[in-house]
Amino acid sequence: MYLSAFVLSALLLCALRPGAAEELHQQPPGRIAIVGGGIGGSSAAYFLRQKFGKDVQIDVFEKGQVGGRMATIDMDGAEYEAGGSVLHPLNLHMKSFAKELGLSVRPCRNSLAGIYNGNEIIFQQSDWLFINIIKLLWYYGLNYMRMYMWGEDLLAKFARIYQYQSYDYSFSSAEQLFHALGGEDLSIKLNMTLDDSLQKAGCSKKYIDEIVTPAIRHDFSQLPRINAFVGALTLTATYTKLWSIEGGNMLVCPGLLEASEAQLIKGTVTSVQENTGGIEKLYKLGYETSTGPHLGIYNIVIIAAPINKEISNINFVGFSPPIDTSSNSYIQTVTTFVHGQINSSFFGFIEPCQLGLTDILTTKNPKLFFDSIGLGDPVKGPPGTLQPTGQKVWKITSPDPLTKDQLNLLFTSYHAVSAKKWLAFPQYNPPGKLPPIILHDQIYYINSIELAASGIELSALSAKNVALLSYHRWFGINGQIDQEDLVERFKSEL
Ligand SMILES: Cc1cc2nc3c(=O)[nH]c(=O)nc-3n(C[C@H](O)[C@H](O)[C@H](O)COP(=O)(O)OP(=O)(O)OC[C@H]3O[C@@H](n4cnc5c(N)ncnc54)[C@H](O)[C@@H]3O)c2cc1C
Ligand SMILES: *[C@@H]1O[C@H](CO)[C@@H](O)[C@H](O)[C@H]1NC(C)=O
Ligand SMILES: *[C@@H]1O[C@H](CO)[C@@H](O)[C@H](O)[C@H]1NC(C)=O
């Protein structure tokens, strides 16, 4: 094979750059495989089509339902969000998908939250924002303001990703990405617990136990020992107007697959290995469908599901160094919908009518068998729509399935129950190293970012990053990978 001096020197240069691929190409790849049809996989298909053009074949493998962890659940004829349910106003990719696909968005219902410590409600929101702030200031001094400023600062740094991506910049690891967004200050937040970071920002232990812990239990079924970054994203959602997609957030996924003209293959990917022998670097994908086992050959493979024995169980055969599939454990959360009458005396109210709350969050208390309970909101119709019976549908999150006895404690009567068990979120345990985005020369891992923070928009952001990164590495456009000084560059351009 003849190699020009130019290609040779480019190859040598590449060898010195961790972000760059070994081979440079003149033509787009022929075939790309995406494993997973959740928001990560379907948005990857969409962004890859934008970058690589109309000729590349994009196959999306999905073993369950398109939409993944955004599935809805049916309860007495109405659909409810059972997984990823609320979006932040700053979730700009999700906003533009909705617009592009002609889906309606709607504000989430208003929340009137209370905090329950296992014996009584210790804090209760009011209908009025102004009163809420006075109450928080009264009970917790300046803690709320400190948390607010701490969270907004972090969010502003993180939001730079949209600017970087709109100029096609990409990152070869989550660490590089976070460093380019907010320097050491942001990187450190990944290795610090939320608890420590808030205390450093001046929040009291009482505030963390009584306000922060319940929010984190509600959103991640964990304690504020999660990393400060994912904690901040969650907390900033507590004081803003959230939204969702009419008809169900998961509608975005089939929409994106269709728009990307990807081929959906209903099957389970079981193995990935290098296809040795040819001139071109190719990967061999083993997968099983209803008709039996099959093999597919691809130039690029994108993993858009958590790499984990219990979840995706993909066998990466013969890679050296090996691709580690054991490291990330995901925690179980059960979402239970109950159509019935809540037991207000359980929450310390004497008269049933006294419980006017829409959401009850909980502090850490070993005797509590659930993390939170709140009114379910059907995905269709105006926010807060009731069932025809006039009885409410409640949504409970708990680490384990609820027993009959537990349901009888929480409800004075009920006539329908529907539950879904998830391996929902990574178990956050900082400090630690984040998994790589580049698993092998042309194998990419979208859910690497989940170990920094898990969420609908984060999977979409990571999918865009992987689409850009794979494109730049394919064609050797190194100036668009791992640029460190973007904050300065964009400042001077303004
Ligand atoms: C109960 C719950 C509540 C949540 N609440 C929110 C919220 O309010 N807001 C928010 O932003 N986020 C929330 N999240 C998180 C959010 O839902 C997820 O971060 C997001 O949906 C992940 O998308 P994904 O595409 O990366 O992964 P997934 O949705 O998990 O998609 C991966 C897909 O890959 C498929 N798959 C796996 N292995 C294979 C294989 N070997 N072969 C073929 N297919 C395979 C799976 O079936 C799955 O469909 C919540 C999650 C849960 C579970
Ligand atoms: C309601 O809660 C109270 C207090 O926890 C409990 O004693 C009672 O058994 C519960 N169930 C009903 C049906 O009242
Ligand atoms: C976080 O800690 C891990 C292990 O302690 C270390 O390997 C990693 O480099 C640290 N990351 C950052 C961003 O400081």
Side-chain angles (χ1 to χ4, degrees), residues 33-44 60-71 81-88 91 94 108 119 173-176 178-179 184 186-192 218-221 227 233-234 237 242 244 249-250 253 265-272 285-288 303-308 310-315 330-335 341-349 352 395 397 405 407-413 420-426 430-434 446-447 449-450 452-460 462-463:
I34 299 174
V35 184
I39 184 62
S42 49
S43 60
V60 176
F61 293 87
E62 173 53 60
K63 69 172 177 183
Q65 251 182 21
V66 167
R69 272 174 280 167
M70 298 200 296
E81 294 285 4
S85 51
V86 297
L87 293 154
H88 188 279
N91 289 171
M94 282 302 283
C108 294
N119 302 308
S173 71
E175 276 93 353
Q176 289 272 4
F178 285 99
H179 199 265
E184 275 306 297
L186 191 61
S187 297
I188 285 172
K189 298 273 189 321
L190 297 174
N191 261 353
M192 214 177 179
H218 171 59
D219 278 6
F220 286 106
S221 308
N227 77 65
L233 291 190
T234 305
L242 300 169
S244 64
N249 294 327
M250 53 88 64
C253 298
I265 298 176
K266 295 227 141 236
T268 305
V269 172
T270 51
S271 67
V272 181
L285 216 74
Y287 63 98
E288 255 162 54
I303 311 293
I307 293 182
N308 173 313
E310 294 166 291
I311 299 176
S312 48
N313 195 20
I314 303 165
N315 191 5
Y330 273 62
I331 58 164
Q332 174 176 291
T333 298
V334 183
T335 319
Q341 193 64 47
I342 197 164
N343 179 5
S344 48
S345 61
F346 181 84
F347 297 100
F349 293 92
K395 174 178 179 176
T397 58
D405 286 347
L407 285 169
N408 285 329
L409 266 179
L410 281 175
F411 295 90
T412 51
S413 69
K420 189 154 174 74
K421 193 153 66 168
W422 302 97
L423 280 171
F425 316 102
K433 252 187 97 53
L434 299 171
I446 290 179
N447 295 69
I449 203 156
E450 272 203 79
S454 176
I456 297 168
E457 179 74 6
L458 282 139
S459 285
S462 184

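Computed from heavy atoms alone, side chains included, the values below leave out hydrogens, waters and symmetry copies. Whatever order the structure lists them in is the order used to number ligands and atoms, beginning at 1. Numbers here simply count residues along the sequence, with the first being 1.
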Closer than 4.0 Å to some heavy atom of Asn408 - which atoms of ligand 2 meet that?
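Those of ligand 2 that fall under 4.0 Å from Asn408 are 11 (N), 13 (C).
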
Show the atoms of ligand 2 that are less than 4.0 angstrom away from any heavy atom in Phe346.
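The list of qualifying atoms is 2 (O), 4 (C), 5 (O).
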
With hydrogens left out, which residues have an atom under 4.0 Å from ligand 1, given that only heavy atoms count?
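Contacting ligand 1 under 4.0 Å are Val35, Gly36, Gly37, Gly38, Ile39, Gly40, Phe61, Glu62, Lys63, Gly64, Gln65, Gly67, Gly68, Arg69, Met70, Ala82, Gly83, Gly84, Ser85, Val86, Gly267, Thr268, Val269, Ala304, Ala305, Ile311, Ser312, Ile314, Thr335, Trp422, Ala424, Phe425, Asn447, Ser454, Gly455, Ile456, Ser459.
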
Name the residue from Ile303, Val60, Ile446 that meets the side-chain contact (heavy atoms from CB on, under 4.5 Å) definition with Ile34.
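Result: among Ile303, Val60, Ile446, Val60 is the only option passing the side-chain contact (heavy atoms from CB on, under 4.5 Å) with Ile34.
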
Considering the options Ile265, Thr270, Ile314, Val269, which one meets the side-chain contact (heavy atoms from CB on, under 4.5 Å) requirement together with Leu285?
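The residue from Ile265, Thr270, Ile314, Val269 that satisfies side-chain contact (heavy atoms from CB on, under 4.5 Å) with Leu285 turns out to be Val269.
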
Modelled atom types, side-chain donor and acceptor of Thr397 and Thr335, under 3.5 Å:
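Thr397 vs Thr335: no donor-acceptor pair found between side chains.
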
To the nearest 0.5 Å, tell me how far Lys63 NZ sits from Ile311 CD1.
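Going from NZ on Lys63 over to CD1 on Ile311, the span is 8.0 Å.
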
Between CZ on residue Arg69 and OG on residue Ser85, distance to nearest 0.5 Å:
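Going from CZ on Arg69 over to OG on Ser85, the span is 13.5 Å.
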
Qualifying residues under side chain to side chain donor-acceptor pair (under 3.5 Å), relative to Glu184, sequence neighbours excluded
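Applying side chain to side chain donor-acceptor pair (under 3.5 Å) to Glu184 gives His179.
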
Could you list the residues that satisfy side chain to side chain donor-acceptor pair (under 3.5 Å) with Ser454, not counting sequence neighbours?
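Here the qualifying residues are Glu450.
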
Which atoms form the tightest heavy-atom contact between Lys395 and Gly83, and what is the distance?
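Answer, listing the atom of Lys395 first, then Gly83: NZ-O, 4.5 Å.
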
Applying a heavy-atom distance cut-off of 4.0 Å, which protein residues contact ligand 3?
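Heavy-atom contacts below 4.0 Å: Ser187, Asn191, Pro431, Gly432, Lys433.
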
Would you say Asn343 and ligand 2 have an N/O pair spaced under 3.5 Å apart?
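Yes; at least one N/O pair falls below 3.5 Å.
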
Begin from the C-alpha positions of Phe347 and Ile342 and carry the test side chain to side chain contact (heavy atoms under 4.5 Å, CB included) through to its verdict.
CA-CA 10 Å; Phe347 297 100; Ile342 197 164; 3.8 Å; yes

Give a yes or no on this: more than 12 heavy atoms of other residues, nucleotides or ligands lie within 6.0 Å of atom CD of Gln332.
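For Gln332, atom CD is crowded (more than 12 foreign heavy atoms under 6.0 Å).
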
Donor-acceptor pair, side chain of Asn343 and main chain of Thr412, under 3.5 angstrom:
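Not a single qualifying donor-acceptor pair exists.
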
